[in-house]
Protein chains: 2
Amino acid sequence: MALEHAILVSLAEKTASGYDLARRFDASIGHFWKASHQQIYKVLGRMESDKWVESHLVAQDNRPDKKVYSITGEGRDELHRWLSLPTPIEALRSEFAVKMRGIRFGDQEAVLADVHVRRAAHAAQLAFYEANAAKHYPDPASLKNDELGAYLVLRAGILAEQHGLNWCDEILQVFGSER
Amino acid sequence: MALEHAILVSLAEKTASGYDLARRFDASIGHFWKASHQQIYKVLGRMESDKWVESHLVAQDNRPDKKVYSITGEGRDELHRWLSLPTPIEALRSEFAVKMRGIRFGDQEAVLADVHVRRAAHAAQLAFYEANAAKHYPDPASLKNDELGAYLVLRAGILAEQHGLNWCDEILQVFGSER
DNA sequence: GGCGCATAGGCAACTAGTTGCATAGCAACG
DNA sequence: CGTTGCTATGCAACTAGTTGCCTATGCGCC
């Protein structure tokens, strides 16, 4: 499982409560690794027994108490070890691709309507990423070391959305329904 | 779950035994939906009780008997229904992206070596897809209706590998280790 | 004759992840 | 004063998928 390691990366960047992590997994990190808050709390518990992270309770004004987690030395060792491991090629699973493969067994118009919806979603996400890139990394040539990771995955997001957009355009072109 | 639907698409194209399906999920379909043979046999059993598929035993010479599955009318109805449903945006999960985000917490050289390995894998897969495309679809303009699905996902494969390749190149360029 | 390999089908145990729900404090709205 | 909504944490039950193992036929190789 890599959720542990995604959490380690996130906690290495900045300490956080389970709730904070859940929000990070809804936003920045969530663009390349999704996790529900239930899953996060469960895994945090296991990681704490493994001594990869430790927590302390923080009382807050006007809000419930929270448990702030931070990465331990052991956690950093594990992260370092994992980063040097060869990454297995991930099994990509695309329900959308399954549909495209089977398009001739369904209602072509309905499927193409879905393609249009996806195309719009890719375009919107691409615009969001590009605005982000322009705002936070106006000068990629002079990036600091601690910004490189976030920059690289933002670039991956941009490339991925362009890829998604291109494929949608090809599909629509093949069926001659560009509009 | 979409494995059922991936199997329905595959059986709608051509009847198959569980073993045949497992091989298809290792090859063509496997490029966008992975499944182990254990998972396939399990799901086929459920699909048969749901009347989406039916099987009959076929005795073979010099080989064990096999159970050949074919899609039923109900299965075709279900496939048709599913194809018209809006496709949820899939949660992409990239362990590799998690590593890139966390690269500063590990051994940079070791991680970049992994990037080189992945780059080579993408290049090889791209060459494989392109050879396939040249062989099977030399003239994309005159595709028959029953070839469109397979052609479109092959194009998706090509675009995806180019995307993977581009990202690896960007990473290596940022770290100035193109070699 | 033993070994590896391809074909063919499966079970059992486990892990990862999802869905649904529960609890609780406090703020803002009407 | 009740409802909605955000913060904050978590359990229970379930589903999907993985890992490891097993059976069996028959071929070719050494």
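B:His37 and B:Phe25 have their aromatic ring centers separated by at least 6.0 angstrom. Checked against the 6.0 Å centroid threshold, B:Tyr151 and B:His136 do not count as a close aromatic pair.
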- Going through the checks in order, is the side-chain contact (heavy atoms from CB on, under 4.5 Å) test met by A:Ile158 and A:Arg155? CA-CA 5 Å; A:Ile158 289 173; A:Arg155 284 296 306 161; 4.0 Å; yes
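Bending across the helix from C:dG1-D:dC30 to C:dG30-D:dC1, expressed as the angle between its end axes from five pairs apiece, amounts to 20° (10° rounding).
Running 5' to 3' along DNA chain D, contacts with non-hydrogen atoms of chain B at under 4.0 Å begin and end at D:dA16 to D:dC27.
Here the C1' atom of nucleotide C:dG25 and the CZ atom of A:Arg63 are 11 Å apart, to the nearest Å. Between the P atom of C:dA8 and the CG atom of B:Leu44 lies a distance of 14 Å, rounded to the nearest Å. Distance CG (B:Asn62) to P (C:dA8): 11 Å, rounded to an integer number of Å. Rounded to whole Å, atom C1' of C:dA24 lies 16 Å from atom NZ of A:Lys67. The CG atom of B:Asp61 sits 12 Å away from the P atom of C:dA8 (whole-angstrom rounding).
Note: A:Leu11 CG to A:Tyr69 OH = 9.5 Å, rounded to the nearest 0.5 Å. Within the model, atoms SG of B:Cys168 and CZ of B:Phe96 stand 4.5 Å from one another, a figure rounded to the nearest 0.5 Å. Expressed to the nearest 0.5 Å, how far CD1 of A:Ile71 lies from CG of A:Asp77 amounts to 9.0 Å.
Comparing A:Gln38 and A:Glu4 against DNA chain C, the residue whose closest nucleotide sits nearer the 5' end is A:Glu4. For the pair A:Ala35 and B:Val68, both in contact range of DNA chain C, the more 5′-proximal nearest nucleotide belongs to B:Val68. Where A:Tyr69 and A:Lys42 each meet DNA chain D at their nearest nucleotide, the meeting point lying more 5' is that of A:Tyr69.
The pair B:Asp26-B:Arg23 does not count as a salt bridge, with every side-chain nitrogen at least 4.0 angstrom from each carboxylate oxygen.
Applying the 4.0 Å criterion to OP1 and OP2 of C:dT7, one finds that B:Tyr19 has a side-chain N or O inside that range. Look at B:Ser17 and you'll find a side-chain N or O under 4.0 angstrom from OP1 or OP2 of C:dG9. Look at B:Tyr41 and you'll find a side-chain N or O under 4.0 angstrom from OP1 or OP2 of C:dG9.
Between the side chains of A:His5 and A:Glu78, at least one donor N or O sits under 3.5 Å from an acceptor N or O. Remark: the A:Asp107 side chain and the B:Ser84 side chain contain no N/O donor-acceptor pair separated by less than 3.5 Å.
Within the nucleic acid shown, B:Gln60 comes within 4.0 Å of sugar-phosphate atoms alone, with no base atom in reach, counting heavy atoms only.
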